[in-house]
Number of protein chains: 2
Amino acid sequence: MVQKRRRGAELEQAIYQAALQLLKTKGFLNFNFADVADLANTSKSVIYRRWQTPFSLAIAAIQDKITTENHGRTDDFTLTGHSLREDLLQLLQRFIISMQTFKDFRITELLGEATKEENTTIQQLMSEGNAIDLNALDHILTRAKKRGEIIKTDLPEEIALLPFDWLRFQLFTNQPLTERKLELLVDDVLLPIYQSKSRSD
Amino acid sequence: MVQKRRRGAELEQAIYQAALQLLKTKGFLNFNFADVADLANTSKSVIYRRWQTPFSLAIAAIQDKITTENHGRTDDFTLTGHSLREDLLQLLQRFIISMQTFKDFRITELLGEATKEENTTIQQLMSEGNAIDLNALDHILTRAKKRGEIIKTDLPEEIALLPFDWLRFQLFTNQPLTERKLELLVDDVLLPIYQSKSRSD
DNA sequence: TGAATAAGAAACTATTAGTATCTTAAAACG
DNA sequence: CGTTTTAAGATACTAATAGTTTCTTATTCA
């Protein structure tokens, strides 16, 4: 019946789209090659030729989505806040949006199923933006210091990552990320940390 | 061949033990009734009669383990620290130990596979100790206030839970929980938060 | 235009989750 | 103490599906 045959990149994109849609609607639990093939209007064997496991296809599809969209993160992020507080809220808002992709495709289900080494893959995928976020945070703190708002700037990486980790945890455990929570994080946690005296002082 | 037949609670315990061992060694991924039956020296049908899904068996087994062991948490936890810092480190050390059970049985795999409502079950399981921990933290902060060490005591629940959430996140993402991290958490995060001025001041 | 490549269809195999049936040990009961 | 009831345990069966293989043919490329 079908005359036209897609191949190469075109076909691959169709498979990725189908995979992403299925991840969104049915989750990684019940994610299988047969369904992807059906939805992409291709054949199981085509999928099997390219990917070893549903897991690797899922990762590839998400990876592709992220790299093409850069999921909202850029280094040349312009800060418009007039205070440390405003800058932080802005950064974290942006972070939440960028995490939405992971939430949409139910990354937690993947994380759970992943073996140790596959887990590392997801870890990398998620923390790929870390460098950018850490950089942005550093930039924000430097600005604040110039304004005379804060004392601390050079934070240990673990501590600098804490707000991002905490937000990811909320996401993983399906807890809602409300505006209130974000403000509590900034006002009751981050500002006190950044404005506290250094131990060495 | 087999003459003796176990039943009731005795049999159930054998099944739980087998289930826990399998969760530990092979994870919830590849956790199935057949293996449990084999290891417990019983029959598949016995398992099917009692539990609907491998998921519910896994939860029941972990639940059982925790309730019988109380996983190291008690309300009458005696604080021996001579400073807020010491008290906090002590509390968090204890928390990490109590989380070990979840790590051992690869709770993340369960979390990922869980449906929304099943997820709630796990959430409850994990946060069952929250009340105890929050209480302990409150106690610690009150002691510190009496000593004149801090300013803040009545924290919003979300903020009070932050250290526990952060530690859980490290666990979920298989990041090592080193002594260094714990000290960073206390020195660079918690103490500044607890010792910072209230917004209303 | 002919050869090489890869898509797509379909059939086949093996595994396994879940169910059903039957026998009999263990407990309950009179 | 003998009879009835309950539930354990063994085994066989069914249905679904993951993964493989084979074959045909559209598409590309020389």
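Values below: every heavy atom of this structure, side chains too, minus hydrogens, waters and symmetry copies. To find a chain, count down the sequence lines: A is the first, B the second, and so on, and within it residues start at 1. None of the values given here were measured: they were computed from a predicted structure.
- Scored by the ring-ring contact (aromatic ring centres under 6.0 Å, His included) test, B/Phe55 finds no partners at all (sequence neighbours excluded).
- Between B/Asn32 atom CG and C/dG18 atom P the separation is 9 Å, expressed in whole Å.
- Atom CD of B/Gln52 and atom C1' of C/dT19 are 13 Å apart (whole Å).
- One can place CD of A/Glu10 at 11 Å from P of C/dA7, the figure rounded to the nearest angstrom.
- Atom pair A/Leu11:CG and D/dA26:C1' shows a separation of 13 Å (rounding to whole Å applied).
- Of the residues in residues 38-49 of chain B, those placing a heavy atom less than 4.0 Å from an atom of DNA chain D are B/Thr42, B/Ser43, B/Ser45, B/Val46, B/Arg49, in numerical order.
- Judged by distance alone with a 3.5 Å cut-off, no donor-acceptor contact links the side chain of A/Arg7 to the base of D/dT28.
- In this structure, CD of B/Glu12 is placed 13 Å from C1' of D/dA7, rounded to the nearest angstrom.
- Rounded to an integer number of Å, the gap from A/Lys26 NZ to D/dT17 P is 10 Å.
- Rounded to an integer number of Å, the gap from A/Arg5 CZ to C/dA7 P is 9 Å.
- Residues passing the salt bridge (charged side-chain N to carboxylate O under 4.0 Å, His left out) test with A/Glu86, sequence neighbours excluded: none.
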Would you sort out whether B/Lys152 and B/Gln195 count as a side chain to side chain donor-acceptor pair (under 3.5 Å), showing the intermediate values?
CA-CA 6 Å; B/Lys152 269 187 188 165; B/Gln195 294 173 339; over 6 Å; no

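- Evaluation of the salt bridge (Lys or Arg N to Asp or Glu O under 4.0 Å) test over residues 41-60 of chain A, restricted to residues two or more places apart or in two chains, returns A/Glu12-A/Arg50.
- In this structure, A/Phe33 has its ring center under 6.0 Å from that of A/Tyr48.
- In this structure A/Pro192 satisfies the side chain to side chain contact (heavy atoms under 4.5 Å, CB included) test together with B/Ser196, sequence neighbours excluded.
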Side chains of residues 157-167 of chain B: which donor-acceptor partners sit under 3.5 Å, not counting sequence neighbours?
unit_1: B/Glu158; atom_1: OE1; unit_2: A/Arg180; atom_2: NH2; d: 3.0
unit_1: B/Glu158; atom_1: OE2; unit_2: A/Arg180; atom_2: NE; d: 3.4
unit_1: B/Glu158; atom_1: OE2; unit_2: A/Arg180; atom_2: NH2; d: 3.2
unit_1: B/Asp165; atom_1: OD1; unit_2: B/Arg168; atom_2: NH1; d: 3.3

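- In this structure, the nucleotide among C/dA26, D/dA8, C/dA17 sitting nearest to the side chain of B/Arg50 is D/dA8.
- One atom, CZ of A/Phe31, and another, C1' of D/dT17, lie 16 Å apart when rounded to the nearest Å.
- Across the interface with DNA chain C, nearest-nucleotide mapping of A/Arg6 and B/Pro54 shows A/Arg6 to be the residue nearer the 5′ end.
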